[in-house]
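The structure appears right after this line, and notes come after that.
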There are 2 protein chains.
Amino acid sequence: MTPIEDLYAIVPAGGAGTRLWPLSRRSRPKFLLDLLGSGRTLLQGTLDRLLPLTGAERVVVVTGAVHAGAVVDQLPELGADQVLAEPSPRDSMAAIGLAAAILRERHGDVLVASFAADHVVPEVEGFHAAVRHAAVAARAGYVATIGITPTAPSTAFGYVHAGAPLAPEEGGPVARVVAQFVEKPDAETAAEYLARGDVAWNAGMFVARTDVLLGHLERLQPPLAAGLAEIARAWETPSRQEVLERVWPTLTRIAIDHAIAEPVAATGGVAVVPGSFTWDDVGDWASLAELLPAGDDGTRLALGAGTEAPAVVTVDSPGALVSTAGGVGVAVAVVGVPDAVVVLTPDALLVTDAAHAQQVKAAVDVLKARGRDDLT
Amino acid sequence: MTPIEDLYAIVPAGGAGTRLWPLSRRSRPKFLLDLLGSGRTLLQGTLDRLLPLTGAERVVVVTGAVHAGAVVDQLPELGADQVLAEPSPRDSMAAIGLAAAILRERHGDVLVASFAADHVVPEVEGFHAAVRHAAVAARAGYVATIGITPTAPSTAFGYVHAGAPLAPEEGGPVARVVAQFVEKPDAETAAEYLARGDVAWNAGMFVARTDVLLGHLERLQPPLAAGLAEIARAWETPSRQEVLERVWPTLTRIAIDHAIAEPVAATGGVAVVPGSFTWDDVGDWASLAELLPAGDDGTRLALGAGTEAPAVVTVDSPGALVSTAGGVGVAVAVVGVPDAVVVLTPDALLVTDAAHAQQVKAAVDVLKARGRDDLT
């Protein structure tokens, strides 16, 4: 397939994925893990599906300084200047804005598209088609997003409401103007959305021209935009470190959704194209379970690539998920716990079920409160 | 307290305790484990509560040849001739009958009392009083048993129905003739029993004179009695091994309940004395959970003596039981699984809940069927 010539991909690689504890840790965040046992980590899978659109040379990853080495190791296709290290996490607007500002310094104004490093998209063709459509709307001056066609009344995702179609030259009628972004709904509202057809999951994928994106930022978050611009100007100079250390800690902590997507949508500046491909943010063990193939007895194994399957026995436990990555050699028996989630690592064991997967964070919080930073 | 001068205790130490897998194994049966974390194994606890009745010199343990060394190690109070090794398991009548026959060879006719090696009796005073009452009835010629006063409508135990009181000189009115033994009842029948007051749990504790016990055996199971007598005569001679190897494998496999208790009760020869002390056969993880003290958060830890408590976090999981004996250093989080049972050993992990504790055997059976004898 033909790459999109003017498109640069920005991959913010952050977040620990606390709800996937004990496999994910602050020191070993979700994006560095091969959760699907495919042989590729979520970060590597993200790069794999971007390469046909951009080639290796037009991808930048923004990650925490402590993870930069691991990112470089996992992505040998990228040059050292394609992995941007943040001194500390300051939310997604700072990460994506830094990358956009540096790309503009390097290449002039280009098209940028941001995709989280820890999502799963099994069907790349649909993804590629959606990005192409979004790029058309982005070239026309919109901040374009991809709205995933819902397949279930999920309360775990935010939603985007589509309005009128754009003009044909701007990508319409496939692309439509965004009427509104909404936060995670309750179950009743989610069911209503599923029935409507003009409401999609907000997957946090944004495509825009750097001049459009950074222009909105200058208007809506002037200090943040100015700080990022100062860092970007210093990036390729000997003063990079000094400027980073001075400016980065002062940057406004805000998500791109709140900084740009929502306010720009309110004035008709955001477009949405439909993504009818399978997508998941693998937010917890229950969502991972749904992505894994079930064995003959309905049990799902999350192993990590190259890990030998352990002896796993389930009795009266349909839908059980067992992960023994790093715990090889320990046999596991699950008896009478439907949708059980059992995750064993060398230093920690989690036992829960799909319905309580979101509460795993509470257990991690208790360990933190006990000072067990070694376990979190 | 004063010992019972003519009483010898027989402790059959057999059975793997499969429902307590993965802590109990064929190679590490339940009676060798310190399930309560008291610092004493169930076998040691059994000896501890017998010593005030018999002293160390009037206790014999009957166990499988493979476990004899471990039994000797755990019970240094006993001489080598007090641990009788069976070449293979042939059920409780052969084990108890062998001990009774050998004791008769050594000491002439005496009073014997059999108590399983893997039961729990936290209140020894009540136990001692009941054995004293049973000894009176046994001296009068009855096979005497102790019927545990039920505290719940258990369907996990057999029951004994008490009939008319014995004469005062035979131990009455505390001791009563046994009207009938019945197998594990259904829930409705168990509730009925609990309400009646004349029905008790059959704890498998029997007290009898050797001439009475072996006399019943000669009448009811003549080949078994003859085989045991032949082995007992040879026991202290150089031909012990030859006779054991020849005769033992031919002995009838039958439980003492079916061989003696039930048929003798049918002709009025069994007496029952009430035992109003706490007793449990620790048949599965659910029954162990009820014996363990709960922590502030309702969680019970089964650790084994001297094991450091691990980091255990429970969230929305009241009544959870966590055992990490042998798995020290692994933190455990249980989220949203009430009455969870989580047992981690170096080579196996069990996840179930109290309601499914009896089904653990099914998981072990699957491992056996897969040829994983190393895990069972």
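Atoms considered below: every heavy atom in the structure, side chains included; atoms not considered: hydrogens, waters and symmetry mates. The sequence lines fix the lettering, A, B, ..., with proteins before strands; numbering per chain opens at 1. Remember, predicted model here, so these are calculated numbers, not experimental data.
- Side chains of Leu344(A) and Leu344(B) form a contact here, defined as non-hydrogen atoms less than 4.5 Å apart.
- Residue Val337(B) touches chain A through its side chain alone, counting heavy-atom pairs closer than 4.5 Å.
- For Ala340(A), no part lies near chain B; criterion is any non-hydrogen pair under 4.5 Å.
- Of all heavy-atom pairs spanning Ala311(A) and Arg372(B), the tightest one is CB-NH1, 3.5 Å.
- Across Ala348(B), Ala362(B), Ser317(B), Pro22(B), the residue that shares the most heavy-atom pairs under 4.5 angstrom with chain A is Ala348(B).
- With Val335(B) as the partner, the side-chain contact (heavy atoms from CB on, under 4.5 Å) test is satisfied by one option alone out of Asp353(A), Val364(A), Thr352(A): Thr352(A).
- Between His356(A) and Val315(B), the closest side-chain pair of non-hydrogen atoms is not below 4.5 Å.
- Among Ala320(B), Ala333(B), Ala357(B), Ala363(B), the residue making the largest number of heavy-atom pairs under 4.5 Å with chain A is Ala333(B).
- Of the atoms belonging to Leu350(B), heavy atoms from both backbone and side chain fall under 4.5 Å from chain A.
- For the set Val342(A), Leu349(A), Val366(A), the count of heavy-atom pairs under 4.5 angstrom toward chain B peaks at Leu349(A).
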